Amino acid sequence: MKHIFQEGKDASKPTLLLLHGTGGDETDLLPVAGMIDDTASILGVRGNVMENGMPRFFRRIAEGIFDEQDLVFRTKELYDFLDEAARNYGFDRDHVIAVGYSNGANIAGSLLYHYAAALKGAILFHPMVPRRGIELPDLSGTPVFIGAGTNDPICKPEETKELAESLERAGAVVEIHWESFGHRLTQSEVEKAALWYTQMK
Ligand code: MLT
């Protein structure tokens with residue numbers, strides 16, 4: 001997958017896996033990563049799917065309606081890519097924290113929904129429920145931060161709560177931070193995520 005890797009100054013820190021929103025690329029969330037931890041390693045990845053010239057991480061049939069088969073396929077593709085990148089760059093595969101926005105948060109959520117040890121933790125900005133009707137793996141103790149909008153027209157508050165509850169049922173430790181700026185990723189939301197990250201166990 002198209003990506004950038006930047007080795008961090010502090011080897012004890014996780015690798016932040018940056019997953020952009022629709023139409024973004026592997027560099028989009030670099031400023032966000034810098035606000036969360038500027039000493040961590042960074043792996044920014046570009047989604048392999050194109051929608052009218054806009055990169056995404058999986059196909060969708062319409063806004064908020066996912067192509068489930070492609071979602072499963074692309075989730076495995078990203079999972080395998082993480083294994084490969086850890087081997088190539090020598091970072092700790094068991095110490096990866098996803099930072100995803102919108103479509104990127106959805107593929108990060110899908111990694112959590114399908115694989116027990118894909119991520120050590122996740123920061124999900126404006127995520128949706130990636131799939132329904134499946135049993136989640138054991139996510140005991142996995143810390144998850146969700147940045148959500150009370151008036152997000154794409155990721156409705158009910159869906160945010162449904163996502164948090166299903167992750168919690170699987171054992172994840174979820175914190176939701178609410179804002180009222182629709183689907184926008186705001187500076188204060190990133191600041192809250194950065195604070196959560198410093199307290200994350
Ligand atoms: C998705 O397709 O993942 C969601 O609708 C969010 C987005 O607009 O990318």
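Nothing fancy with the numbering, it's 1 onward along the sequence. Here the structure is a predicted model, which is why all the values come from computation and not from measurement. In listed order, ligands and their atoms are each counted from 1.
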Any side-chain heavy atom of R93 sitting closer than 4.5 Å to one from D83?
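Yes, at least one pair of side-chain atoms sits under 4.5 Å.
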With side chains defined as the heavy atoms from C-beta onward, is the minimum distance between E175 and K192 less than 4.5 Å?
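Sidechains of K192 and E175: no contact.
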Sub-4.0 Å atoms of ligand 1 with respect to non-hydrogen atoms of F58:
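Here the atoms of ligand 1 in question are 3 (O).
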Fit a plane to each ring of Y89 and F5, take the angle between them on a 0 to 90° scale, and name the class: parallel (under 30°), tilted (30 to 60°) or perpendicular (over 60°).
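Y89 and F5: parallel rings.
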If you measure from each heavy atom of G64 to ligand 1, is any distance below 4.0 Å?
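A heavy atom of G64 does come that close to ligand 1.
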Closer than 4.0 angstrom: is that true for some heavy atom of F57 and an atom of ligand 1?
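F57 does not count as a contact of ligand 1 under the 4.0 Å cut-off.
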Taking everything shown except E51 itself, do over 12 heavy atoms lie less than 6.0 Å from its CD?
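More than 12 heavy atoms, drawn from other residues, nucleotides or ligands, come within 6.0 Å of this atom.
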What residue and atom, counting heavy atoms only, is the protein's closest point to [atom], and at what distance?
| atom | result |
| --- | --- |
| atom 9 (O) of ligand 1 | T22 OG1, 2.5 Å |
| atom 6 (C) of ligand 1 | S102 OG, 3.2 Å |
| atom 5 (O) of ligand 1 | E63 OE2, 2.7 Å |

Using heavy-atom distances only, which candidate in D67, L71, N106 approaches atom 4 (C) of ligand 1 most closely?
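Nearest heavy atom to atom 4 (C) of ligand 1 lies in N106.
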Pick, from R60, H126, M128, the option with the minimum heavy-atom distance to atom 8 (O) of ligand 1.
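Ranked by closest heavy atom to atom 8 (O) of ligand 1, first place is R60.
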Considering only NZ, NE, NH1 and NH2 on the basic side and carboxylate oxygens on the acidic side, decide whether K156 and E159 come within less than 4.0 Å.
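Answer for the salt bridge query: no.
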I'd like to know if K120 and D94 make a salt bridge, using a cut-off of under 4.0 Å between side-chain N and carboxylate O.
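No, no charged N to carboxylate O under 4.0 Å.
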